[in-house]
Amino acid sequence: MTASAINLNNASLAELPIAAPNYDRGSIGVGIAHIGAGHFHRAHQAMYIDRLLQRGLAREWGICGVGVLPADWPMRDVLRDQDGLYTLILENPDGSRDAQVIGSIVDYRYAPDDPEGALEVLAAESTRIISLTITEGGYRDPDGPAFALITDALAMRRDRGIAAPTIASCDNIESNGEVAKRAVLAHAESRDPALAEWVAEHTRFPSSMVDRITPSTTPEMAATIRRDLGVADRWPVLAEPFAAWVLEDDFADGRPPLEQAGVLLVNDVGPYESMKLRLLNAGHQSLCYFAHLCGFEFVHDAARDPLFAEFLLAYFDFEAVPTLAPVPGIDLHDYSRTLIERFGNPGVRDTVARLCAYSSDRIPKWLLPVIHDNLASDGPVRLAAATVASWARYAEGVDERGKPIELVDQLKDSLVPIARSQHENPTAFIESTAVFGDLARQPRFVQAYCWALDSLHRNGARATLEALVR
């Protein structure tokens, strides 16, 4: 830490050399409990609430972060020591940087240490919204701690005569409101069918689309903030300048005036969700495995390679966009081009490895719907099938230079040996029905997939991309 760096906390706010909350944080009430207050939530939803607070609005809508996993303890400690404050750094494509301290997280509860405290926040009458960023995999676990805790809080609210809250998923899942509703109702039904009926009648589950590229924080980022900005922040957040939040306007017990912070409130989030998942998120998947195999460490370096940009644009134009319904206010062609620019922002320094993580959750939700729609409409699947093949090749755990690849995936123990068997059985990887459904029985997909996998083995990733686009 440099000698001049100022420790970030409430006492130091007036001394900070960068923009800081202009409101009295001690007078802000908790109206939102957010489960999973990691780097993405802090770059996105918490920023929007801070924007309202800076304008003297939504003073009853402060955020209490809730950690439910053992891995959340570092966030507990940092937010406790920094009074919930953190630095949000926006890296502009021209190399300039904007920084501000966000103050909208005014409390934090860590359920593994204090389950009663976490439960009381979720059940409090003042908590009118419970929001979630628990990753795509958090919805697949029937015994997931987030939904068990929410169900306990809903039971407590019902028994105390407290109004049901709005439960808002902010994860990258199509129809995420419906997905969250099914998970909560399943937990409630197993506990008490009458509780499930109460939840179904009174609780609202709006869907949302959230969009901002936010890489994981590294120690180097924190050191840079200390050196360049003079702020000692143990867990700053770095993001691109672009941010969007499209939210279904369906709330059980009121909401903040989010439209005044730039949030788009709509009746149907579906078109926006599909656009983001099938273009941005699936575009990341189309890039990352090929990029890793080619030796790229950072996303911006791969996206600035003309071959990768050409491959992504071909995927967008010929396979993804034709599966999308019109999106009000959005030109899909222009949006696709801005994605290439956003992926190529060198200031973000997003890592290829981050995009390659948790593929067995992400590919089925982001890319496979494009494939299924094109198979049904006799549309092209060659590029998306090649992306699946690049994942299968990556999952072998060794890159083209013989360097080990460390897979981060809950199915890693089964995926790696299956992937390594595909030299003898080319369709072994896609025969996993839990991940791919019936795709291994779709001749058009299998033909395109096997061609790409064979080319990856014979010719390598770059030559395969060249063949695909030329």
Side-chain angles (χ1 to χ4, degrees), residues 30-49 61-80 84 86 102 104-124 126-157 164-173 176-188 191 199 203-208 210 214 235 237 245 247 251-253 255-256 358 361:
V30 170
I32 301 169
H34 185 86
I35 299 176
H39 62 284
F40 184 73
H41 165 73
R42 295 188 299 143
H44 199 269
Q45 292 91 14
M47 177 274 294
Y48 281 105
I49 296 299
W61 292 102
I63 298 168
C64 176
V66 179
V68 298
L69 299 174
D72 291 331
W73 67 263
M75 185 64 69
R76 171 203 65 187
D77 291 351
V78 169
L79 291 182
R80 177 194 63 205
Y86 62 94
I102 302 294
S104 54
I105 299 178
V106 296
D107 195 3
Y108 189 85
R109 304 296 172 93
Y110 181 59
D113 278 355
D114 182 16
E116 293 81 10
L119 187 58
E120 285 295 341
V121 166
L122 295 177
S126 58
T127 300
R128 294 148 69 188
I129 295 175
I130 298 171
S131 52
L132 304 161
T133 45
I134 57 174
T135 77
E136 299 74 37
Y139 297 79
R140 294 203 326 182
D141 182 1
D143 300 315
F147 293 112
L149 185 64
I150 289 171
T151 302
D152 289 344
L154 291 170
M156 188 176 290
R157 295 174 83 110
T166 298
I167 297 175
S169 168
C170 301
D171 284 294
N172 286 323
I173 300 173
N176 52 17
E178 279 299 313
V179 174
K181 181 178 181 178
R182 287 197 297 269
V184 171
L185 288 177
H187 277 78
R191 176 190 177 113
V199 170
T203 307
R204 294 293 179 267
F205 297 85
S207 286
S208 68
V210 293
T214 309
W235 208 325
V237 180
W245 189 5
L247 183 59
F251 290 78
D253 191 20
R255 62 167 175 82
Y358 307 110
D361 274 325

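Quick note: numbers below take in every heavy atom, side chains included, and nothing from hydrogens, waters or symmetry partners.
For the pairing with Cys64, the side chain to side chain contact (heavy atoms under 4.5 Å, CB included) check across Ile32, Asp107, Thr127 returns one residue only, Asp107.
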Anything under 3.5 Å between a donor and an acceptor, one on a side chain of residues 116-123, the other on a protein residue two or more places apart or in another chain? List them.
from   : atom 1 : to     : atom 2 : distance (Å)
Glu120 : OE1    : Arg160 : NH1    : 3.2
Glu120 : OE2    : Arg160 : NH2    : 3.1

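The heavy-atom pair separating Arg191 from Thr151 by the smallest distance is CD-CG2, 3.9 Å. Ala33 and Val66 get closest at one heavy-atom pair: CB-CG2, 4.4 Å. Of all the heavy atoms in Ile35 and Ala146, the pair that sits closest is CG2-CB, 4.1 Å. Between Gln45 and Trp245, the closest heavy-atom pair is CG-CH2, 3.6 Å. Looking at every heavy atom in both residues, Asp171 comes nearest to Asn176 through O-ND2, 3.0 Å. Nearest approach of Phe40 to Cys170, heavy atoms of both residues: CE2-O, 4.3 Å.
At least one donor-acceptor pair under 3.5 Å links the side chain of Thr133 to the backbone N or O of Gly36. Side chain of Tyr358 to main chain of Glu136: no donor-acceptor pair is present (N/O by atom type, distance under 3.5 Å, no hydrogens or angles). A donor-acceptor contact shorter than 3.5 Å links the side chain of Ser104 to the backbone of Ala46. The closest donor-acceptor contact from the side chain of Ser169 to the backbone of Leu132 lies at 3.5 Å or more, if one exists at all. Judged purely by atom type and a 3.5 angstrom limit, Arg157 uses its side chain to pair as donor or acceptor with the backbone of Ala124.
Within the 4.5 Å cutoff, no side-chain heavy atoms of Thr135 are placed close to those of Asp361. For the pair Ile129 and Trp61, the minimum side-chain heavy-atom distance is below 4.5 Å. In this structure, Arg42 and Met75 have side chains that are in contact, with non-hydrogen atoms separated by less than 4.5 Å. Side-chain contact check for Arg76 versus Asp72: every heavy-atom pair is 4.5 Å or farther apart. A heavy-atom distance below 4.5 Å is found between the side chains of Val179 and Arg182. Looking at heavy atoms from C-beta onward, Tyr110 lies out of side-chain contact with Arg80 at the 4.5 angstrom threshold. Proximity of Tyr48 to Pro256: side-chain heavy atoms (C-beta onward) are nowhere separated by under 4.5 Å. Side-chain contact between His41 and Ile63: present, with at least one pair of heavy atoms (C-beta onward) separated by less than 4.5 Å.
Between atom CD1 of residue Ile49 and atom CD1 of residue Ile102 there is a gap of 11.0 Å, rounded to the nearest 0.5 Å. Distance check: Lys181 NZ to Thr203 OG1 gives 9.0 Å after rounding to the nearest 0.5 Å.
Annotation: Phe251, atom CZ; neighbour count of heavy atoms from other residues, nucleotides and ligands within 6.0 Å is above 12.
For Asp114, the salt bridge (charged side-chain N to carboxylate O under 4.0 Å, His left out) test picks out no residue, with sequence neighbours left out.
A tilted orientation is assigned to the rings of His187 and Phe147, their planes being inclined by 30° to 60°.
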Item to check | Leu154 and Ile167: CA distance, side-chain angles, deciding distance, side chain to side chain contact (heavy atoms under 4.5 Å, CB included) verdict | outcome: CA-CA 11 Å; Leu154 291 170; Ile167 297 175; 4.2 Å; yes
